Amino acid sequence: AIRIKRALTLLRNADDATIDTRGVSTIATNTTFGTRKIGGPMNPHALETARDTRERLSAALQNRDLMKSVGEYEESLPLDTRTVRELRAMFECLGGNGCFLNPATKPSAESILKELSKHQAAAAKVSRTEKIGSGYYTKLSMKNLESGYPHLDAYAEARRTIAYNAMQLFYRQLRDERKKEWDKTASSGRDMAELESGELDSSARDAVRCLEHAMVIVAGEKSIYRCVVSPTSSHNHDTSKVPLEYKYALVASYSSVCSAVVDRVLDIIELFFVKDAALRNTLPNASSSNLNEGMSLGSDLLSHGTNASAVPSVRFAASAAAAGLRILDAVRMLGPSLAKLCEMASNKLQLQRVDSVGSVTSKDSSSTLASNLCIAVHRMTVKNVGKALENLALSVKHDPISGEKFRPQDASVAPLTSDAVRAIRIVSPFVSAYKSVTKRRPLPWDPKVGDAAGEMEFFIRYLIMSLLANLQAKGTAYAQDPGPVAEAKSHLFLVNNTYYLSEQLKYNYIPESSAPILLNSQEDIDGNDFKIRGEWFSDQVNKLFVNSKKKYLQYWDSLNEYLRDVANGQLTYTNPEQKLLTLESGRLLKARFSGFNDTFERMYESHRHLTIFDSKLREIIISDVKNTFLPRYEQFFSIYSKYQFSKKNMDDYLKYRPDKVGDMLSNMFVS
């Protein structure tokens, strides 16, 4: 009795992560899966790529010595040998034979099974009952176990409290570190959009670290349970004489401890989606029909009923989607192993359950609350990642048409285009995580589910088509602006953006190759190196580029109207020897030269301040502009500048010599 009292006192008075029994021995350390203690060295995995994370976690899961291989964690037995012997002796007294103690007060088997059934819930019926961010997901994990065996109930309560506090302490430390880093970077004057994107990624990585830490906590609890509590580890009693309801109580006792940890992870991950990724409310026009509108390049992007302010920016939506996919990538890899850790290997048996009318039914041991909470983690993550992907699609489609921030007045590359390229690059590495969503959830651009669902290519193609449609809508809006160069800006804007898109994402493929959109199916691609290999991309983007450039050059082609040849019969002389033209013939050439000069001056002044972001593209456009009219102007100038069609102002009419025009065009556009 004294030993039991001392052990329970130690359990209740222990700190959040450590039990002191004849020295310090840690069950759940603060240095797990490559994380760090407060004040320690920087987390070596803080900036690892999606591929690096998958390789690290995959290697850890393939190693049976899980806690030692997942990162910096150094496994040590939670309790030293002498303590194990002492505690095991106590639990053997109350464990193997504990089910036979106090037979007069012990409840019946039916009442025990009925009470234990209250601590279970089918995976499909596990739902949130507590406020998001409260620290709990479902009230089932908060209930104290009442198995009819007081020593198991006391064990479950004590270990559940310590395991939960270990998880809570770890999460608070991560949150405090992230807040300090945010305050530090926010005061540095960096761009707020960049800071928010980095904060989303950091929050997602911390959520993954919490999931990793939960595995270590549960693995530690399992080692304690096996060596101290479980009667199957004892050789001092006959297992066949242990009643079924007692075995069920043992499973429930362990599940009660594990469920507290998994429940806390559930709340942490969902809090990220609701608070950090802002997925609490469904966006307007988020139905499948609305998302599927606008797939044609000429469709109207923003209906009159759309509240554009409710749609997140493309940059934020992309960061939220990529962060969610990062979490889902970890959940799909670690979730099955965590669920397995939450079950005892020796309990693969059919356990009975008393239903509401008192009849006994069969219940498989795999349906404990802890394992069903692991399933709930995956379902909840898939649901929220699906919402995040839909938000990204909506943000590209409904990016505002007007405003200097969204449609630059110099016709340069729109922020939407660069943000869309960034979005594609940061979501592209998570191919398997995306497939986890489409297998279980229909998406507006891919309504099929299961194996029939499409790959990441479907989503990227939808984003590109929505982007092109939005860019065309922005280009059309330029024509409504005041000024003579409004329509020309419309076409130059599309030239700039399609060229940028092609340079960033186009893959120089072999025409006869039928390679898929991704470089391979093993996800060994870095997002920064991502290229689209589908011919559809080249066809759509190049077609829009060529057509837009052709329409832009048509404005310069108008100069050729003044460069038509003059028939010999229209030129008559008052003095043939001096080639002094008559008044009417002189007026004809004056009109040609003055018309060219005035039009060229107006076009040059209005176009030279427009922006062409890429130096190579700038050379291409300038060369095409020259080829549009300069050869004809050189020929026209060479022939008709020899005539004396003005007595006093010849220099004014001939002020733009062909070489001067060429030099002026060479310095046109802002790069």
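Given the structure is predicted, the values throughout are model-derived calculations rather than measurements.
With sequence neighbours left out, the salt bridge (Lys or Arg N to Asp or Glu O under 4.0 Å) criterion links K448 to no other residue. In this view, D206 and L174, R178, R209 satisfy the side-chain contact (heavy atoms from CB on, under 4.5 Å) rule, not counting sequence neighbours. Residues satisfying the side-chain hydrogen bond (donor to acceptor under 3.5 Å, both in side chains) test with R440, not counting sequence neighbours, are none. For A50, the side-chain contact (heavy atoms from CB on, under 4.5 Å) partners two or more places apart in sequence, or in a different chain, are R54, P429, F430. Every residue two or more places apart in sequence or in another chain that forms a side-chain contact (heavy atoms from CB on, under 4.5 Å) with D614 is listed here: Y499, K616, L617. Qualifying salt bridge (Lys or Arg N to Asp or Glu O under 4.0 Å) partners for D276, counting only residues two or more places apart in sequence or in other chains: none. With sequence neighbours excluded, no residue forms a salt bridge (Lys or Arg N to Asp or Glu O under 4.0 Å) with D451. Every salt bridge (Lys or Arg N to Asp or Glu O under 4.0 Å) that R128 has, sequence neighbours left out, goes to D267, E270. Considering only residues two or more places apart in sequence or on other chains, Y171 meets the ring-ring contact (aromatic ring centres under 6.0 Å, His included) condition with none of them. By the side-chain contact (heavy atoms from CB on, under 4.5 Å) test, S134 pairs with E130, K131, Y136, sequence neighbours left out.
Side-chain atoms of K405 and P415, non-hydrogen and from C-beta on, never get closer than 4.5 Å to each other. S202 has its side chain out of reach of E181: every pair of non-hydrogen atoms, C-beta onward, lies at least 4.5 Å apart. Side-chain contact check for E457 versus W536: some heavy-atom pair is nearer than 4.5 Å. The side-chain heavy atoms of I464 and L505, taken from C-beta on, include a pair separated by under 4.5 Å. Between F493 and P408 there is a side-chain heavy-atom pair separated by less than 4.5 Å. The closest side-chain heavy-atom distance from F406 to I401 is not below 4.5 Å. Counting heavy atoms from C-beta outward, L494 and F545 have side chains that stay 4.5 Å or more apart. In this structure, L334 and M215 have side chains that are in contact, with non-hydrogen atoms separated by less than 4.5 Å.
Put simply, the side chain of D263 never gets that close to the backbone of S141: no donor and acceptor are under 3.5 Å apart. Put simply, the side chain of Y164 gets close to the backbone of G135: a donor and an acceptor are under 3.5 Å apart. No donor-acceptor pair under 3.5 Å is formed between the side chain of K222 and the backbone N or O of I217. For the pair N496 (side chain) and A411 (backbone), a donor-acceptor distance under 3.5 Å is present. Looking only at distances, a side-chain donor or acceptor of S255 sits under 3.5 Å from a matching main-chain atom of A370. Using modelled atom types, one side-chain atom of S428 and one backbone atom of R425 make a donor-acceptor pair closer than 3.5 Å.
For the atom pair NZ (K387) and CG (L443), the distance works out to 13.0 Å, reported to the nearest 0.5 Å. To the nearest 0.5 Å, atom OG of residue S259 and atom CG of residue L140 are 8.5 Å apart. The structure places CZ of R441 at 7.5 Å from NZ of K383, a figure rounded to the nearest 0.5 Å. To the nearest 0.5 Å, the span separating CZ on R264 from SG on C210 amounts to 8.0 Å. If you take CZ on R379 and CG on N384, they are separated by 14.5 Å, rounding to the nearest 0.5 Å. Note that CZ of R461 and CG of D446 are 12.5 Å apart. Values are rounded to the nearest 0.5 Å.
In this structure, A320 and L200 approach most closely via the heavy-atom pair N-CD1, 3.7 Å. Residues Y500 and T417 approach most closely at CD2-CG2, 3.6 Å, considering heavy atoms. Minimum heavy-atom separation, T138 to T129: CA-OG1, 3.3 Å. The minimum heavy-atom distance between C342 and Y254, with the atom names listed, is O-CE2, 3.3 Å. Taking all atoms of both residues into account, the shortest heavy-atom contact from L392 to F459 is CD2-CZ, 3.7 Å. Annotation for A423 and A318: closest pair CB-CB, 3.3 Å, computed over non-hydrogen atoms.
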TODO: Decide yes or no on salt bridge (Lys or Arg N to Asp or Glu O under 4.0 Å) for R172 and D176, but give the supporting numbers first.
DONE: CA-CA 6 Å; R172 286 179 177 175; D176 293 343; over 6 Å; no
Open item on the list: Please evaluate residues L325 and L389 with respect to the criterion side-chain contact (heavy atoms from CB on, under 4.5 Å), reporting the C-alpha separation (whole Å), side-chain torsions for both, the decisive distance (0.1 Å), and the verdict.
Closed with: CA-CA 9 Å; L325 287 169; L389 292 172; 4.3 Å; yes
Task: Pair Q173-Q168, side-chain contact (heavy atoms from CB on, under 4.5 Å): steps then yes or no - done: CA-CA 9 Å; Q173 290 174 338; Q168 181 73 351; over 6 Å; no
- [ ] Might you work through the side-chain contact (heavy atoms from CB on, under 4.5 Å) test for N470 and K397, ending with a clear yes or no?
- [x] CA-CA 6 Å; N470 188 290; K397 179 182 177 184; over 6 Å; no
Open item on the list: Is there a side-chain contact (heavy atoms from CB on, under 4.5 Å) between S319 and R422? Walk through the geometry before answering.
Closed with: CA-CA 9 Å; S319 297; R422 171 183 175 272; 2.8 Å; yes
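With respect to the salt-bridge test (charged N to carboxylate O, under 4.0 angstrom), the residues K179 and D183 qualify.
Checked options L373, V331, L211; the residue passing with V265 is L211 (criterion: side-chain contact (heavy atoms from CB on, under 4.5 Å)).
Applying the salt bridge (charged side-chain N to carboxylate O under 4.0 Å, His left out) test to residues at least two apart or on different chains, the pairs with a partner in residues 427-439 are K435-E455. The salt bridge (charged side-chain N to carboxylate O under 4.0 Å, His left out) analysis of residues 465-475, with sequence neighbours excluded, yields the pairs D399-K474.
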